[in-house]
2 protein chains.
Amino acid sequence: MRKIAESTVRRLSLYLRLLEEFEEQGAETVSSEALASRGGTTSAQVRKDLSFFGSFGKRGLGYSVGELVRRLREILGLGRTYRVAMIGAGKIGSALVQYRGFRQRGFEVVSIFDVDPAKIGRSWNGLTVQSVVSLEGELRAHPVEIAVIVTPADAAQALTGRCVALGVKAILNFAPVQLTVPDEVVVKTVNLALELETLSYALTNR
Amino acid sequence: MRKIAESTVRRLSLYLRLLEEFEEQGAETVSSEALASRGGTTSAQVRKDLSFFGSFGKRGLGYSVGELVRRLREILGLGRTYRVAMIGAGKIGSALVQYRGFRQRGFEVVSIFDVDPAKIGRSWNGLTVQSVVSLEGELRAHPVEIAVIVTPADAAQALTGRCVALGVKAILNFAPVQLTVPDEVVVKTVNLALELETLSYALTNR
DNA sequence: GGGCTTTTGTGAAAGATTTCACAAATCTAG
DNA sequence: CTAGATTTGTGAAATCTTTCACAAAAGCCC
């Protein structure tokens with residue numbers, strides 16, 4: 001498939017959320033202009049974004065809410081489930097697992113690891129926290145597609161390497177480091193420090 | 001000041017983190033090439049990013065690590081402290097307040113609010129959880145610059161409006177909604193659903 | 001000091017993304 | 001069925017961002 005800009009994919013995700021709101025309110029159809037104004041963008045942007053994937057609208061009428069929701073879910077790959085290993089049993093990992101949206105989008109946490117002996121063996125949202133020593137054995141017995149890295153910065157790269165060697169296809173990284181992985185592995189880093197600093201910049205420079 | 005791209009500011013934040021690592025390792029100077037390769041970008045990009053703010057390097061030598069750290073902290077506005085109100089006393093808020101980087105960057109949480117009677121009155125990281133009913137009184141007595149919105153989606157916009165009316169200058173939003181605010185107020189939304197969906201997209205389309 | 005090496009700072013070129021603007025569809029009403 | 005009103009889909013233009021490429025500066029060595 002032709003290369004799609006990250007910014008476009010992020011907006012598709014936004015449109016999906018807005019469409020679900022329109023659906024709840026009982027709307028049958030929606031125009032690019034309506035989507036745009038709710039989403040803080042322009043109607044031309046909405047139409048261009050969608051046009052990369054096909055033409056889903058009817059001229060003069062707009063888009064069928066239900067159909068567009070279905071199409072966007074399909075484009076974003078939200079029909080399937082992903083098996084997830086959580087690497088690190090701290091606060092953020094815990095908040096993540098309890099976050100409904102995680103499971104709603106098909107992310108199913110099947111194992112959880114930590115180094116802290118105080119945590120190992122504890123029950124944690126229905127799973128038993130395992131030692132990272134058993135990472136290889138466990139992930140070979142029960143493979144996963146996604147690893148969520150929720151460890152201190154200094155442990156993140158080594159654990160990422162081990163996960164990749166075990167066949168993990170994607171890394172969701174919450175550690176404040178730049179991870180190195182082979183080209184075929186997808187990495188998405190969520191870096192709160194960075195968000196705080198851009199906020200600080202915006203507050204300072206006005 | 002000339003308008004700086006968001007992507008540039010994000011990279012400055014990244015450079016700062018990398019420089020702090022170089023500093024720990026005792027490096028005196030660093031070249032744009034060294035920064036670039038550790039940060040997954042190009043040396044030209046590093047130099048261009050910095051050039052928007054001045055010329056901090058020495059030709060033939062590179063950048064003084066210490067000086068560049070100081071300059072970047074200044075550019076990003078990290079010298080000062082910000083008073084923060086946390087709106088919502090759930091998991092994410094809790095993880096946030098305990099996150100060292102939050103305080104390290106000068107974000108000082110001075111009050112915390114919730115609607116849940118079971119939470120109100122509880123001690124929470126040294127602060128007492130207050131009812132949102134007392135938001136106005138409390139923030140008038142002890143003004144803050146930043147409000148962190150960690151509430152369900154349906155409550156976020158109304159609370160944002162109340163905060164803005166009370167003089168809040170910036171909103172850090174973790175609710176999965178598009179917030180509307182006056183132009184002079186800065187909003188930064190951290191939307192996990194969106195990150196999950198872009199990851200799902202990347203896994204699906206390859 | 002002069003020649004060699006390194007590395008910055010920056011215009012210009014290339015590439016990517018967003019906005020414009022309008023023909024083509026489709027609906028509505030009479 | 002025709003006229004008028006909407007709204008899509010999309011090339012072309014405008015704008016924004018990244019990369020290129022090279023002169024200028026600075027250190028190093030003999």
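The chains referred to below are lettered A, B, ... by the order of the sequence lines, with proteins before strands, and numbering in each begins at 1.
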Peer 1: Quick check on D/dT7: is either OP1 or OP2 less than 4.0 Å from any side-chain nitrogen or oxygen of A/Ser32?
Peer 2: no
Peer 1: Quick test of your reading of the model: are B/Lys169 and B/Glu184 salt-bridged, counting only N-O distances below 4.0 Å?
Peer 2: no
Peer 1: Indicate the atoms forming the closest heavy-atom contact of B/Ala89 with B/Asp114, along with that distance.
Peer 2: N-OD2, 2.7 Å
Peer 1: Rounded to whole angstrom units, what separation is found between the CD atom of B/Glu6 and the P atom of D/dT18?
Peer 2: 12 Å
Peer 1: Indicate whether any N or O donor in one side chain lies under 3.5 Å from an N or O acceptor in the other, for A/Ser32 and A/Tyr63.
Peer 2: no
Peer 1: At under 4.0 Å, does any side-chain N or O of A/Thr42 touch on OP1 or OP2 of C/dT19?
Peer 2: yes
Peer 1: Mapping A/Asp49 and B/Phe56 to their closest nucleotides on DNA chain C, which lands nearer the 5' end?
Peer 2: B/Phe56
Peer 1: Pick one: which of A/Arg17, A/Lys188, A/Arg10 meets salt bridge (Lys or Arg N to Asp or Glu O under 4.0 Å) with B/Glu197?
Peer 2: A/Arg17
Peer 1: Answer yes or no: does a side-chain N or O of B/Ser7 lie under 4.0 Å from OP1 or OP2 of D/dT18?
Peer 2: yes
Peer 1: Without decimals, in angstroms, what is the distance between B/Phe52 CZ and C/dG9 P?
Peer 2: 13 Å
Peer 1: May I ask you to check whether B/Phe102 and B/Phe107 place their ring centers less than 6.0 Å from one another?
Peer 2: yes
Peer 1: May I ask you to decide whether B/Glu145 forms a salt bridge with B/Arg80, counting only side-chain N to carboxylate O separations under 4.0 Å?
Peer 2: yes
Peer 1: To the nearest Å, give me how far apart CG (A/Leu35) and C1' (D/dG9) are.
Peer 2: 15 Å
Peer 1: Check whether any side-chain N or O of B/Tyr63 sits under 4.0 Å from OP1 or OP2 of C/dT6, and answer yes or no.
Peer 2: no
Peer 1: Check the distance between D/dT17's P and B/Leu50's CG and give it to me in whole angstrom.
Peer 2: 17 Å
Peer 1: Between D/dT6 atom P and A/Glu33 atom CD, what is the distance in whole Å?
Peer 2: 13 Å
Peer 1: Is it true that the side chains of B/Arg47 and B/Ser51 contain a donor and an acceptor less than 3.5 Å apart?
Peer 2: no
Peer 1: Using a 4.0 Å cut-off on protein heavy atoms (strictly under), produce a 5'-to-3' string for nucleotides 22-30 of chain D with B for base contact, S for backbone-only sugar-phosphate contact, and - for none.
Peer 2: -BBBSS---
Peer 1: With a 4.0 Å cutoff (strictly under), does any side-chain N or O of B/Gln45 reach OP1 or OP2 of D/dT17?
Peer 2: no
Peer 1: Given atom CZ of B/Phe53 and atom P of C/dG9, what is their separation to the nearest angstrom?
Peer 2: 14 Å
Peer 1: I need the CZ-P distance between B/Arg10 and D/dT17, as an integer number of Å.
Peer 2: 14 Å
Peer 1: Select from B/Ser43 and B/Lys48 the residue whose nearest nucleotide in DNA chain C is closer to the 5' end of that strand.
Peer 2: B/Ser43
Peer 1: Please give, in whole Å, the distance from D/dT15 P to B/Lys3 NZ?
Peer 2: 14 Å
